[in-house]
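Note on naming: letters A, B, ... go to the chains in the order of the sequence lines (proteins, then strands), and numbering restarts at 1 for each one. Just so we're clear, the structure is a prediction, and the values are computed from it rather than from any experiment.
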There are 2 protein chains.
Amino acid sequence: MSSANGDLTARARIRDAAIELFAERGIAPATIRDIAERAGVSSGLLRHHFGSKDGLREACDEYAMSKMTEIRERMLGPNAMADPAILAAVHPAAMLLQSYLVRSMMEASSTSLFDAAMESGRVWLQHADHHPGDPDAYLAVLIAMKISMFLMRDQISQVLGQDMTTPAGHRRMLRASIEIFTLPMLTTEQGEQALKALDSLIGSTEREQS
Amino acid sequence: MSSANGDLTARARIRDAAIELFAERGIAPATIRDIAERAGVSSGLLRHHFGSKDGLREACDEYAMSKMTEIRERMLGPNAMADPAILAAVHPAAMLLQSYLVRSMMEASSTSLFDAAMESGRVWLQHADHHPGDPDAYLAVLIAMKISMFLMRDQISQVLGQDMTTPAGHRRMLRASIEIFTLPMLTTEQGEQALKALDSLIGSTEREQS
DNA sequence: TTGACGGCTACACGGGCGTGTAGTTCACTA
DNA sequence: TAGTGAACTACACGCCCGTGTAGCCGTCAA
């Protein structure tokens, strides 16, 4: 995956450089000229191979997803249901790929990536001893929360003074998230209390409505 | 806050329009021409009042934060420590302001907004009966998770078929998040197991390292 | 040897962006 | 009443973006 690898075909180098830059800056801010430069080719060749910037993005989507499942199957065997965050904490390439996929998910017009995450969440819910009152909302928020760790890695890195892109940094983040998901932040009473406070606030707002 | 309000000064209308558009599209994709158009003024006037796009953003930051504390104090009294998400679920203006602040936090070069959230998180931790092993990482991830609900509202809205911008939609999301933070997703054993799996995977990766 | 074709480059085009500048209107004041 | 400055507009500049086009160079089959 390193862009310094000159053995790869130009097409592969472009694709790898694109995934790197898309992951670093986001889709829109990453320009095809910068991608071409990092790949060591002209920007025209990028067009020649992928047609357009969006075509390149689709190729990256496809490649990143297939590569992620390949890594998962190689590390955990087929049929394994593993959190992408765990792989990313362990495997450097998975980290990059997952960062890219999250960026793509954020800026894409379609929600196909999010839909896929929802679907695999539903089968997970079936095997779990959870029965949330609003399963879809529960899953959607949960997915958003997991994604957020990748989305805000720059801010988190700066605040914690450690690069969350590195396996070590990401592992630190992952440990914290496991802690969050293990020790409940609110007791059941506090949860009900929060919901009641919410409902009572609604009434007061409807009365004033600045 | 409505941009249809012609009673406000042009400066206020520009600022409100900017917050709306910044919140809708993000800072970079929102152009000063579109902001000026929504405010019903020329783009030059925007420059006249705020100097530059970045100056406008800073003015919006300042305004949004002061307005948020004003709303919080009006609804809950001073010295109240409330989750912004709760206010957003109840108060339409707070929803917009919080959406803007999250966008700004994501795209800003400085982490001052994130730092502020960390600081208020630390005082919360002191009064809580939590003692996470890595408090800073715990808080950073927690803040990222809360923010994610605003960050991914477009995707969540599309997946759930309901606009999360509306108080009703956001309330649905908030209920789900309360559920997540109340019922632990992992038992303590599962948590330890996950950490052990993590550590064992590290060894296997260091051995192969593709 | 020739011709065709894919890989590849150089460069120009059109558009949208933030920014800069000159000028107009208008309320207030000395 | 003349002057002064703030509010506001119109318009042009320069930059960078994705895209389009023309052409070069090597390989390989006929």
Under the side chain to side chain donor-acceptor pair (under 3.5 Å) rule, collect the residues that match up with A/S112, sequence neighbours excluded.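 If we apply the side chain to side chain donor-acceptor pair (under 3.5 Å) test to A/S112, skipping adjacent residues, the hits are A/S110.
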
Does a side-chain heavy-atom distance below 4.5 Å link A/R122 with A/P135?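 Answer no - side chains too far apart.
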
Check whether any side-chain heavy atom of A/H91 sits under 4.5 Å from a side-chain heavy atom of A/R74, and report yes or no. yes

Can any side-chain N or O of [X] pair as donor or acceptor with the backbone N or O of [Y] at less than 3.5 Å?
| X | Y | answer |
| --- | --- | --- |
| B/S148 | B/L151 | no |
| A/Q158 | B/T111 | no |
| B/T182 | B/I178 | yes |

[X] [atom1] - [N] [atom2] separation (whole Å):
| X | N | atom1 | atom2 | result |
| --- | --- | --- | --- | --- |
| A/E37 | C/dT9 | CD | C1' | 15 Å |
| B/R57 | C/dT19 | CZ | P | 13 Å |
| A/H49 | C/dG7 | NE2 | C1' | 6 Å |
| B/L45 | D/dT9 | CG | P | 5 Å |
| A/R11 | C/dC8 | CZ | C1' | 15 Å |
| A/I14 | C/dG7 | CD1 | P | 11 Å |

Show each protein N/O and nucleotides 23-28 of chain C N/O combination with a separation under 3.5 Å, one pair to a line.
none

Under-4.0 Å side-chain N/O to phosphate OP1/OP2 contact, B/H48 with D/dC8: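 Answer is no, no contact under 4.0 Å.
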
Atom CD of residue position B/E62 - does it have more than 12 heavy atoms of other residues, nucleotides or ligands inside 6.0 Å? no

Quick one, B/R103 with B/S99, criterion side chain to side chain contact (heavy atoms under 4.5 Å, CB included). Give me CA distance, side-chain angles, the key distance, then yes/no. CA-CA 6 Å; B/R103 292 281 204 189; B/S99 294; 5.7 Å; no

Letter by letter from the 5' end, nucleotides 11-26 of chain D scores (B base, S sugar-phosphate only, - none; protein heavy atoms under 4.0 Å) -B----BBBB------

